[in-house]
Amino acid sequence: MNSFPISDYLAVAIFVFCLAATVGGALLAVLTARIIRSVCGLMICCIGLAGLYYFLHSPFLALMEILIYVGAVCVTIVFAVMLAEPDEPAREERSGAAILWGTVALTVGAAICWGLSRLSLQGQWTAPAAKVTDGSVKAIGVSLLTTYSMAFELISLVLLVAIIGALVIARTGRSKA
Amino acid sequence: MNLLRAYEQADIYLVVAAFLLAAGVYGLIRRRTLIGMLISGELIFSAASLNIMALNCFYAPDPTVGQIFALFVMGLAAAEVAIVLSIIIAVYRNYHSIKTRELSELNG
């Protein structure tokens, strides 16, 4: 590990970059008024999350995060944005209700963040005595095809049903439009 | 706490997951269109996955279980996005708007 003198600093720098991408992307996703910027924020957040997964010793999950979220989910949302023009109007009314809801949302968010952080930092987590497997891609593949083969098949069924359902729902009313 | 080994401690990941959940809930309350709420929902999914992955990496005896769970969460999120977007498009066809304030026909 110490064959290269600044490799430690480099790893920490990449880690901080991933953290910043995750947090900044999430803030961008919920705070901007235009939806397309919000989708870009979600993309940045997912790229940062993929980096965090890599630091958590699961490169397969990092690859899947980029492939599914950035490659499929965000592109699909962009497609829907193009079809449905969902831009929020400029905040025309500074009425009491809008300010009230903003305050409520901020309070709820801050409470959740503070409470969960406090819970997870104060929890007495105990590290296991020994790891059963090493969590490599090979171990994941073996588990998917032995212990979790039923769930694996079921999720493919769920995806199939979701695709057919999406086609059916989006198709109705097409002739009326 | 050694800052050079910050990425080998679970606390940072757990706090970031809590922050993602809070941001998602904030967006879910604050957004006024369906697509904005969908994006906030994706943030909440990501928060759950990150929390599971952090606990899985540091405190679980079998590190493959959490990875498979997070993989299934991703699959379900993808299915959910497909369904929700088709619903959004159908709603837009019928109402020519996806602002939550105008979709209030069932409002008593």
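Chain letters run A, B, ... following the sequence lines, proteins first and then strands; every chain starts at 1. Remember, predicted model here, so these are calculated numbers, not experimental data.
Rounded to the nearest 0.5 Å, atoms CE (B/Met74) and CD (A/Glu65) are 4.0 Å apart.
Contacts of B/Ile87 with chain A are made by both backbone and side-chain atoms, with heavy-atom separations under 4.5 Å. Both the backbone and the side chain of A/Ala26 come within less than 4.5 Å of a heavy atom of chain B. With a threshold of 4.5 angstrom between heavy atoms, A/Ser58 approaches chain B through its backbone and through its side chain. Only the side chain of B/Ser40 has a heavy atom closer than 4.5 Å to any heavy atom of chain A. Residue A/Ile68 touches chain B through its side chain alone, counting heavy-atom pairs closer than 4.5 Å. With a 4.5 angstrom heavy-atom cutoff, B/Tyr92 touches chain A only via side-chain atoms. Contacts of A/Phe79 with chain B are absent, with no heavy-atom separation under 4.5 Å from either backbone or side chain. At a 4.5 Å heavy-atom cutoff, the contact between A/Val108 and chain B is made by side-chain atoms alone. With a threshold of 4.5 angstrom between heavy atoms, A/Leu83 approaches chain B through its backbone and through its side chain. If you measure heavy-atom distances from A/Phe15 to chain B, the contacts under 4.5 Å come from the side chain alone. Of the two parts of A/Val168, neither the backbone nor the side chain holds a non-hydrogen atom closer than 4.5 Å to a non-hydrogen atom of chain B. Residue contact with chain B, scored on non-hydrogen atoms closer than 4.5 Å, involves the backbone and the side chain of A/Leu56 alike. B/Leu50 touches chain A through backbone and side chain together, each having a heavy atom under 4.5 Å away. Neither the backbone nor the side chain of A/Ala111 comes within contact range of chain B, judged by heavy atoms closer than 4.5 Å. For B/Ala60, the part sitting under 4.5 Å from any heavy atom of chain A is the backbone (N, CA, C, O) and nothing else.
Residue with the most contacts toward chain A among B/Phe19, B/Phe58, B/Phe45: B/Phe19 (heavy-atom pairs, distance under 4.5 Å). Contact count against chain A (heavy-atom pairs under 4.5 Å) is highest for B/Leu43 among B/Leu43, B/Asn51, B/Leu21, B/Val25. The residue among B/Ala78, B/Ala18, B/Gly27, B/Ala77 with the most heavy atom pairs within less than 4.5 Å of chain A is B/Ala18. For chain A, the option among B/Ile89, B/Leu71, B/Leu28, B/Leu34 with the highest count of heavy-atom pairs below 4.5 Å is B/Leu71.
Residues of residues 142-149 of chain A lying under 4.5 angstrom from chain B, judged on non-hydrogen atoms, are A/Ser143, A/Leu144, A/Tyr148 by number.
B/Leu76 and B/Met53 fall within the same hydrophobic cluster, where Ile, Leu, Val, Met, Phe, Trp and Tyr residues are linked whenever their side-chain heavy atoms come under 4.5 Å apart, directly or through other members.
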